[in-house]
Structure formats: C-alpha cells, structure tokens
Asker: 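What follows is a structure written as structure tokens; I'll ask about it next.
On a predicted model such as this, the values are computed, not experimentally measured, just so you know. Both backbone and side-chain heavy atoms feed into the values below; hydrogens, waters and symmetry mates do not. Every chain is numbered from 1 and lettered A, B, ... according to where its sequence line falls, protein lines coming before strand lines.
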Amino acid sequence: MEALVHPIVEAIKLAVTRIPDDTVSALRRAYESEESKVARFNLGNILMAIEIGRDRSIPVCQDTGTMTFFVRAGVESPHLGKIEAAVLEAVKKATIEVPLRPNSVDVLTGRNSGDNTGKEVPIIHWELTRGDEVEVAVFPKGGGSENCSALAMLTPAEGWEGVKRFVLERVMECGGKPCPPVVLGVGVGGSADHSLKLAKKALLRRIGERNSDDRIAELEEELLEEVNSLGIGPMGMGGKTTALDVKIEVAHRHPASFPVGLAVQCWANRRAFIRIKADGRVELWQ
Amino acid sequence: MAVKLKTPLRVEDVLNLRAGEVVYLSGPIYTARDSAHRKILRLAEKGELPFNIEGAVIYHCGPVVRRKDEDWGIVSAGPTTSARMNPYLDDILSLGVRGIIGKGGMEVEPFKGRAVYLAFTGGAGSLAAESVKRVVDVYWLEELGIPEAVWVLEVEDFPLLVAIDSRGNSLYR
C-alpha cells in the first residue's frame with residue numbers, strides 16, 4: 001500500500017500548489033480583457049498568487065478544500081483493494097507535508113479532526129471500469145464555491161430555458177462569494193443526486209474542452225456568454241469575466257422530472273490525476 | 001491613490017476612505033470566522049475578551065499554518081466569504097472594530113459612520129501570506145481548530161481595496 005500512498009500525496013500537492021495551465025491561460029486572457037482598475041487589481045493578484053504557489057510549492061488558496069476523489073477502478077487491477085486505505089493515508093500525510101488546512105469538522109460537536117479525515121471524508125466517488133488500471137482524480141473543493149452549488153427540480157415544461165434561468169439566477173445571487181471568475185458544472189437529468197454528481201464530475205474537464213455532443217456544446221457556449229453578460233466580474237466587483245467556462249453533462253431523465261445540479265468551482269480550478277498501472281508504474285498529470 | 005494605515009485604527013482613519021481606493025495596512029490584525037465571532041461576542045458581553053478589540057481590524061480568514069519549532073508560520077492566508085458573518089456584523093462593529101477584511105462583500109448599512117470593509121482577492125492566499133510578517137499570538141486553537149481559531153497576525157503593507165466605505169458606497173454589484 002505504501003507504494004500507492006506516495007503518488008497520491010504528490011498528486012494532492014500538485015493540485016493545491018499548481019493551478020492547471022488551461023486555467024492560468026484563461027485567467028491571463030481575462031486579465032488582458034479587463035479595463036477597470038478594480039478587476040485588474042483582483043486578476044493581477046490571482047496571477048501573482050499562482051506564481052508564488054508554483055515557485056514555492058505552497059497552497060495557492062488557504063482553503064485547500066474538502067478532499068474529493070473520483071476513482072475509475074479497473075476491476076482487474078491488482079491494486080484495487082488497497083486504493084481506499086491508500087487515499088485515506090495520503091490525505092493524512094498531505095495534511096502535514098504539503099501542508100493542507102485541516103477542513104474536516106464533526107457535524108454535532110464542531111470539533112476539527114485535524115487531519116482532513118472523518119466520517120465519509122475524504123469523499124471518494126467510485127466507478128468500476130474494465131481493465132487493470134486505476135485512475136484517481138484528486139479534486140480539492142473549497143467551501144466558498146461549494147456553498148453556491150445548488151439543485152433545482154424543474155418541471156419538464158420549464159426545460160432548457162429553465163436550466164438557463166436557474167443557473168443565471170443562482171450565479172447572480174452568489175455574486176462574489178464563490179471567488180469568480182468561476183467554472184460552472186451543470187448536470188442535467190438522471191435524478192436529484194445524479195445531476196449533482198454529473199455537475200461536479202464535469203468540472204474535471206479542461207477549460208475550453210466542450211461536451212462531445214455538439215448540441216450540448218452549443219448550450220455550454222450560450223450559457224457561458226450569458227453568465228459573462230451579468231457583469232459580476234472578478235470577486236463580484238464588476239467586470240467582463242464572471243465565468244471561465246461552463247461544462248454541461250447530461251443523463252436521460254424520468255418523464256416527470258427535469259433535475260439540474262449546479263456545481264460552482266472557484267478560479268483556483270484545482271485538479272490532478274494519477275493512473276496506476278497493473279505493474280505499479282504511476283503517471284501523474286493535470 | 002494609495003493610503004497607508006496602521007492598526008489599531010481610529011475612527012478618523014476610516015471615515016475619509018472611499019470605495020475603490022487601495023489601502024496598505026500594517027500592524028496586528030485578528031483572524032475570525034463563524035465560531036470565533038460567536039465566541040468574541042459572548043466573551044465581550046461578559047467583559048472577558050482576552051484582547052483589546054477597540055480599533056481592531058478583523059480578517060475573515062482561516063490560514064494554512066506550519067509549526068516552526070516553538071512558533072507558527074503562515075503558509076497561505078487569503079480571505080474567506082464574509083457574507084457568512086453578516087449576522088454578527090452590527091454587534092462586532094459596536095465593539096469598536098474599525099475594519100473588516102474579507103471577500104465577497106457584506107451588508108452595507110452597519111458600516112455607515114464607523115468602519116470600512118476592505119477586500120482582498122479570494123483564493124490568493126499565497127500572495128496574502130507575503131504581507132504577514134509573523135504570528136503574534138493565537139487564541140482558542142485547541143477548542144476551535146486551525147481554520148476557526150483567532151490568529152493575531154502582524155501584517156506589513158497588506159494591499160487592500162476599500163470595497164465598502166463608511167458612507168455606504170460599495171463596489172459589489
């Protein structure tokens with residue numbers, strides 16, 4: 001198991017200290033497009049913070065989040081049985097070594113566990129796949145943006161227009177709270193819980209990477225444009241860039257239901273991936 | 001135009017600040033989040049607050065810290081979402097707090113005539129930590145845990161935007 005812990009710690013460290021290149025490029029474009037002094041103050045600070053995090057290997061944002069993992073586990077992987085324990089151990093180690101902020105609190109007593117573990121935490125989403133490889137996506141999710149996530153159970157009559165209205169209203173209501181420019185994950189269909197999970201999983205995609213279905217891709221672009229026309233801007237102080245991207249994932253729905261899950265991600269669009277091969281070799285990327 | 005200020009702040013320090021101005025703040029500031037606000041208000045009512053809050057600046061922040069021998073080092077220390085602290089705002093400002101540092105904005109009304117809201121860029125914790133020279137003290141660490149404890153941070157030329165001024169002007173939309 002120890003051989004698996006180290007690469008997971010490395011992935012956690014990468015995720016919190018280095019903002020992915022696609023996100024940095026999008027933030028640079030946003031900086032160049034903004035004219036107001038206030039928007040440039042905020043985007044300039046963001047770009048400096050990213051550099052400091054990368055150069056000194058320290059967390060860019062102090063809210064290193066709830067440690068969340070999406071695991072695609074090949075059923076023939078010899079490592080399958082060890083992944084969960086390795087993730088847990090890696091989170092404890094990373095809390096001290098990176099370091100991370102301890103963000104796991106008992107719901108009844110409010111007591112902080114001190115090591116980012118606890119009941120049901122870290123959060124691990126499992127998906128079983130064929131083959132003998134295991135892919136782990138590290139997805140540290142900050143509280144400020146997570147608090148803006150939401151679910152709407154629309155009527156089928158409200159449909160896609162309802163989806164847009166719900167997303168725009170929610171983004172408007174949240175203003176500067178989720179640290180815009182944000183990335184929005186929208187899950188449509190399935191069930192209440194499934195739409196939220198799809199929304200969060202959509203955030204693992206790169207900035208600019210569209211849904212493979214052209215019709216959905218078009219909706220992503222439309223919604224992105226509409227969100228950016230709201231004028232909320234960086235940190236909610238006005239500007240052209242409110243969202244860096246919108247990602248939509250869909251599932252078939254019940255004829256009576258039209259669930260929409262919204263997962264809001266802050267500008268520090270943190271993620272890292274590792275692939276563990278059957279022979280134990282590990283690949284790491286963002 | 002940039003203004004240099006040193007804590008503790010006097011009321012006249014803040015009354016002339018205007019939304020949109022940049023302030024470079026130096027001196028001790030106090031981090032406080034949800035639980036710390038409740039505790040501060042409870043103890044202040046009983047006259048048992050272990051620090052002087054008159055003229056203080058409160059920072060909505062839960063830092064990443066590292067133990068260095070006997071001392072604490074601040075690794076990353078950006079602001080948390082201030083709106084969560086709206087329910088305590090009026091009472092906190094009534095204690096003589098002259099400035100709140102945070103992100104995302106707050107209710108405007110309580111600031112009028114007595115205090116300012118200073119914004120730092122959310123998520124830019126590694127940059128904010130550059131302005132922190134040392135940890136002066138920490139209160140209630142054992143009870144509240146690292147993110148919720150009150151960290152007394154000595155800052156130097158911390159660059160902040162006046163986002164809500166004492167006349168009720170706000171940069172938030």
Side-chain angles (χ1 to χ4, degrees), chain A residues 16-17 19 36-38 41-56 58-64 96 98-105 110-114 142-145 147-148 172 174-180 230-239 266-268, chain B residues 1-2 19-22 31 33-35 38 59-67 73-84 102-106 119-130 132 141-149 151 159-164 170-173:
Chain A
V16 301
T17 61
I19 306 303
S36 94
K37 195 186 77 180
V38 167
F41 173 88
N42 284 312
L43 287 165
N45 280 349
I46 286 171
L47 293 170
M48 278 193 274
I50 289 171
E51 250 176 64
I52 295 169
R54 190 191 51 208
D55 293 352
R56 302 202 190 145
I58 57 170
V60 174
C61 178
Q62 78 291 336
D63 182 2
T64 49
I96 298 162
V98 175
L100 306 175
R101 193 176 74 184
N103 271 345
S104 168
V105 168
R111 179 70 52 190
N112 196 315
S113 72
S145 59
N147 285 346
C148 287
M172 201 66 197
C174 283
K177 289 183 219 164
C179 286
L230 294 174
I232 293 166
M235 295 300 136
M237 297 182 193
C266 57
W267 64 257
Chain B
M1 202 177 69
E21 277 182 323
V22 174
T31 73
R33 293 159 55 108
D34 314 62
S35 321
R38 283 193 293 274
Y59 185 15
H60 295 156
C61 168
V64 175
V65 296
R66 185 179 262 147
R67 193 84 168 139
I74 295 292
V75 177
S76 191
T80 192
T81 309
S82 296
R84 292 200 318 272
K103 63 138 172 129
M106 297 190 87
F120 191 72
T121 310
S126 57
L127 178 64
E130 297 272 283
V132 179
L141 178 60
E142 191 55 36
E143 180 188 346
L144 301 181
I146 288 172
E148 302 274 332
W151 296 87
L160 303 162
L161 264 177
V162 179
I164 301 172
S170 167
L171 296 184
Y172 297 97
R173 305 168 66 86

Asker: May I ask you to decide if Ile52(A)'s main-chain N or O and Ser126(B)'s side chain share a donor-acceptor pair within less than 3.5 Å?
Answerer: no
Asker: Find the one option among Gly53(A), Pro99(A), Pro178(A) whose heavy-atom pairs under 4.5 Å with chain B are most numerous.
Answerer: Pro99(A)
Asker: Just to verify, what does Asn112(A) make a side-chain contact (heavy atoms from CB on, under 4.5 Å) with, not counting sequence neighbours?
Answerer: Pro102(A), Val105(A), Pro147(B)
Asker: Heavy-atom distance under 4.5 Å to chain A: side chain of Glu130(B), backbone, both or neither?
Answerer: side chain
Asker: Using a cut-off of under 4.5 Å for heavy-atom pairs, which of Thr80(B), Val65(B), Leu161(B) has the most such pairs with chain A?
Answerer: Leu161(B)
Asker: Determine yes or no for a side-chain-to-main-chain donor-acceptor pair under 3.5 angstrom, with Gln62(A) supplying the side chain and Gly78(B) the backbone.
Answerer: yes
Asker: Using non-hydrogen atoms only, which part of Thr81(B) is less than 4.5 Å away from chain A: side chain, backbone, both, or neither?
Answerer: side chain
Asker: Who pairs with Ser82(B) by side-chain contact (heavy atoms from CB on, under 4.5 Å), at least two apart in sequence or on another chain?
Answerer: His60(B), Met106(B), Tyr117(B)
Asker: State, to 0.1 Å, how close Ser76(B) and Cys61(A) come at their nearest heavy-atom pair, and which atoms those are.
Answerer: OG-C, 3.5 Å
Asker: Sub-3.5 Å donor-acceptor pair from the side chain of Arg66(B) to the main-chain atoms of Val98(A), do we have one?
Answerer: yes
Asker: Measuring from Glu142(B):CD to Arg111(A):CZ, what's the distance to the nearest 0.5 Å?
Answerer: 6.0 Å
Asker: For Arg67(B), which atoms come within 4.5 Å of any heavy atom of chain A: side chain, backbone, both, or neither?
Answerer: neither
Asker: Locate the shortest heavy-atom distance separating Met237(A) from Tyr172(B); write the atom from each residue and the value.
Answerer: CE-OH, 3.2 Å
Asker: Tell me, out of Gly104(B), Pro159(B), Gly62(B), Ser35(B), who's got the most heavy-atom pairs with chain A below 4.5 Å.
Answerer: Gly62(B)
Asker: Can you tell me which of Gly145(B), Ala124(B), Cys61(B) forms the most heavy-atom pairs within a distance under 4.5 Å of chain A?
Answerer: Ala124(B)
Asker: Rounded at 0.5 Å granularity, tell me how far NZ in Lys103(B) sits from NZ in Lys177(A).
Answerer: 10.0 Å
Asker: Could you grab the distance from atom CD1 of Ile74(B) to atom CD1 of Ile58(A), nearest 0.5 Å is fine?
Answerer: 11.0 Å
Asker: Could you tell me which of Gly175(A), Gly144(A), Gly238(A), Gly143(A) has the largest number of non-hydrogen atom pairs under 4.5 Å with chain B?
Answerer: Gly238(A)
Asker: With a 4.5 angstrom heavy-atom cut-off, could you sort out which part of Asp63(A) is near chain B: side chain, backbone, both or neither?
Answerer: neither
Asker: Of the listed residues (Ala128(B), Gly122(B), Pro79(B)), which shares the most heavy-atom pairs with chain A below a 4.5 Å separation?
Answerer: Gly122(B)
Asker: Which bit of Ala83(B) comes within less than 4.5 Å of chain A, counting heavy atoms only: side chain, backbone, both or neither?
Answerer: side chain
Asker: Pick whichever of Thr17(A), Asn103(A), Asn42(A) has the most heavy-atom pairs under 4.5 Å with chain B.
Answerer: Asn42(A)
